[in-house]
Amino acid sequence: MNSLIQSEWQRMWKRKKTLISLILFTAIVLFDCLFLGVQRFGAFDNIHTAPLTAQNFSVFLLKEVSFLLTLIVAPLLIVDSINGEYTAGQLRLVLIRPISFARLFAAKWLNLAFMLLLFTAITFMIGEFAGHLLKPAADSVRYLNPAQVYDRSEAFIYALQSYGLFYLIVLAELSLVGLVSSLMPNALVSFFVSLGVLIGALYISDTLGFFLMSASVIFQLMAGSYAAPFYGPVLVCTGIGFLATMGVWQRRSWTR
Amino acid sequence: MRQEMILEVGGVTKTAGRRTLVKELSFGVRPGEVCGFVGPNGAGKTTLIRMITGLIKPDSGQIRIDGVDVRQDRIAALSRVGAIVESPIFFPYMSGRGNLLNLARLHGNLHTSAQRKARVEEVLAIVDLSGRGSDKVKTYSLGMKQRLGIAQALLGSPKLIILDEPANGLDPMGIRDLRNLILKLRDEQGISFFISSHLLDELQRICSRFVIIKEGGMVWQGTSGEWVDIAGTRGLEEHFVELMTR
Amino acid sequence: MRALFISELERLWKRKLIWMMFAAIPLIVYATARYYAVHNLQVPLDSPEFVTSGNFPVMALIEQLIVVFNLVSLVLLTLSFTEEYRTGQLRMVLLRAFTVGQLFRAKAAAYLVTISLFFAAYLGVSVAVGFQMFDSSETTRLFHHVSPAGPGEVMGYTLKYYGISLLTVVGMGSAMLALAVICHTTTAAIGFGVGILLLSIGYPLVYLTFNTVLNLQLPAQLAFLSLTQIQYEGIAYLLADSSMGPGPYFPLFALAVVAGYVLLCAGGACLAFTRRDRWI
C-alpha cells in the first residue's frame, strides 16, 4: 500500500499541471490577501460583518478562497487523477501489475486527500501570516455569534477549527467527485457532472448545501446557529462515496 | 501435464450485450514456449488478453497462470506475468527511466530503492535503451516505445510475457530487434511468450505453437511444424485466408 | 463551407454531453421556479423581483445566466476546439480540402447555432413552467422602469433580454475560445475557462473596493469591463427607462466592451488556430 501511494505521489508531482496549479493558487491567495488587506470589515453574510484584525483575517480569507478550492482546484485534481489518467490509457501500465484495484483507488484517494490538505494548509498559513502583516492585532474578537468573545489564542484555535471543518467538506467532495469520475466516460464530462452535483446538491436539500456554501456553513456552525445536521451528512458522503467507488473499481471492466 | 502449463485458458467465453466476443476458447502454453495468437482484426484477440491480465472478467471458463486462477487470485497470478495490452501508453511527462522506476514500486519483490534502481538499469540494458533512458518518453520513436514496453513487462521478472500486436508500425530493423530480443529472453531466461499478431511470416520465425481464432472462436491450434505441413505449398498466408473465409 | 459547417454541427450533436445539457434545462428551470416561489413570500407584490408568469422567463434567465449559460458555452467550446484538436480527431478533417480558416469559422458557426438553440430552448421551457407555476397578472413591473408594463411590452422586453444575454455569453465565450485554442488538455481549458469566469465575477468587487479605499476616483462604470457584471446588472440598465438608466453613454460603452472581447479574443484565437504548425 505504501509503495502504491508513493508511486501515485511521484506521478502527481511529475505532472507540470500540479506545480502550475499550486503556484497559480498561491498567487491568487496572495492577491486575495491584498484585497482583504485594503478592506476594514469582513462579511459573514449579507448582514453581519466584523472589523478585520490579525486574529480573524485567515477565516475571512477562507471565505474568499473556498470557491476556488471547492469548485475548480479540487475537482480538477480529482478528475485528472481518477478519470483522466485512466481514460488517456496511461493507467493501463499500472492496472496490469500485481496490485488490487481497490487498493489502487484507496492509494489515489489518500494521495489526493494529502494534496488537498496541502492546499488548505497553504491557505491557512498565508492567511495567518498576511493577517499579522496587514492588520492590527486585537485583544478580543467576535464572530457571527456576538455573545461569544475570543481572546488571541482562542481566536487562533477558532481559525484552525474552521479550516479543519473546511477540510472535512473537501474530503466529502473528494469521495463524491471520485465516484462521479469513476462512472463517467471522460474527464470533461466528469468535471461538469461533478460541478452539477456539487451545485445541485443545494437544490436537493439544505443539508447538502455545505458543498457550495462551505464558508457560510462553517461560520454558522462555529456560531452554533447552523440548523441542518452537519457531521452526519459529511461523514456519510465521505464514507459511502469512498466505499462505493472502491466497489466500482474492484468490479468494473477496464476496457481502455 | 496440468502443472506444466504456464498459461491455461479453459472454455473462456465473454459477451458484450448480444455480441459474443470470445467463444469457448481453450488452449495452453508450455514453459519456454513462444506461442503465436493469430486472427483477423476484431477476432477477439485483445479481449482475451484483457481477460488474461484481469482487466475484464470472463463470463465463464477459467484462466490459470502458472497454476493460479486469475479470477480467484489476480494479484498472485499477475506477479508471474508481464504484458503489453494494445500499444503501451506511458506517462509522457516522465523519462523512460522515470516511468520504469515509478512502475517498479508496484512490484512486491522490489522492496528497496536500490533494488528498484538495479532492476530498472538491468531491463533498460536488456532492451538497449540505457543511453536514452533519461529522455522524456514523448521524444521516443515508435520502436523505442515498443522496446520500453517490453522493459516494463520485464520489471517483475515474469515467467510469461504477453504482447499484443508488438510489431505494429515497426520498421524492418525494429522488427528484427524485437525478434532477437524475444528469442534472447526465451533462451537465456526461459521466459514464455504469448504474442498476438497478424504478421504470419514474422510469427513463424519465432513461434513454436499457434492458436488461430476467428470471430472469437477457435479455428485451429497446433505446433508450428504441423501448420507448415498442413499449409503445404500454399504457404501460411494462403492457408490462413482459406481458414478465415471457409 | 456549408458542408464543413454541417459536419461540425453533426459531430457536436453526436456528443451525449450536449444532449445532457439540453435535457437538464427543465430541471434547472424547475429548480429556479421553486426558488422563486419561496422568494416571492419575502418580496412585496409591486416589486420587480416579484415573480409572475409574465416575468418568469426573464427572472429565470437572470438567476442562471452567469453560471449555467457561461458554463454551457465553455463546454461547447472545449469539446469543439480543445478536445477534438488535442486528441488528434481533427486530423481527419484537417486533411480535407478546406482551409484552416474555413474550419475555424465552421466551428464558430456551429457553436453560435448551438448556444442560440440553448437560449431558445431555455426560453421555451421557462415560458411553459412560468404559466404552470405562477399566477399571471395584467401588468408586470420591470427593473428600472417607471410604470408597469402590459403583456406586449413584457414580451418585447423578454426577447430583448434574451438577445442581449446571448451577446454577452458569446463575448465571454470569445475569451474562453482563446483559452480553448491555446490549452493542450481539456482539463487545462476547463480550469482556465472557469478561472476567467470567477475572475470576471470577482473583478468588479475588487475594482470598486480599491477605487474607494485607495481613493482613485476612477469612473464606477469601468466595473462593467467585466462581462459577468454586464450580465449581472448591465442588461437591466440597457433596457431601463431613459430617466432611470445609468446615462446616455452606457449602451455604447457596453457594446464596446462586448465587441472588444469578441474582436480581441476571437480574433486572437483565430490567428492562433490558423497560423501555427499542427503537431497532432
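Residue numbering restarts at 1 for every chain, and letters A, B, ... go by the order of the sequence lines. Treat the numbers as computed from the prediction; the structure is a model and nothing was measured.
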Segment of C:Phe192 engaging chain A (4.5 angstrom heavy-atom cut-off): side chain
Gap between atom CD1 of A:Ile72 and atom CG of C:Leu198 - 0.5 Å precision: 4.0 Å
Nearest heavy atoms of C:Phe210 and A:Leu34, plus distance in Å: CZ-O, 4.2 Å
Neighbour count above 12 (heavy atom, 6.0 Å) for A:Arg252 CZ: yes
Atom CZ of A:Phe230: over 12 foreign heavy atoms under 6.0 Å: yes
Within residues 185-197 of chain A, residues adjacent to chain C where the heavy-atom gap is under 4.5 Å: A:Asn186, A:Ala187, A:Leu188, A:Val189, A:Phe191, A:Phe192, A:Val193, A:Leu195
Options C:Leu71, C:Thr187, C:Leu214, ranked by heavy-atom pairs under 4.5 Å with chain A, top entry: C:Thr187
A:Ile20 portion near chain C, given a 4.5 angstrom heavy-atom threshold: neither
Residue C:Gln221 excluded, over 12 heavy atoms near CD under 6.0 Å: yes
By salt bridge (Lys or Arg N to Asp or Glu O under 4.0 Å) - contacts of A:Asp80 (at least two apart): A:Lys17
More than 12 heavy atoms from other groups under 6.0 Å of CH2 on C:Trp19: no
Contacting moiety of C:Leu27, where chain A heavy atoms sit under 4.5 Å: neither
Interface residue of largest heavy-atom contact number with chain A, from C:Val75, C:Thr185, C:Thr186, C:Thr78, under 4.5 Å: C:Val75
From C:Leu199 atom CG to A:Ile28 atom CD1, the distance as rounded to the nearest 0.5 Å: 7.5 Å
Contact class of C:Met20 relative to chain A, heavy atoms under 4.5 angstrom: side chain
A:Asp45 atom CG, over 12 foreign heavy atoms within 6.0 Å: yes
A:Phe35 atom CZ, neighbour heavy-atom count above 12 within 6.0 Å: yes
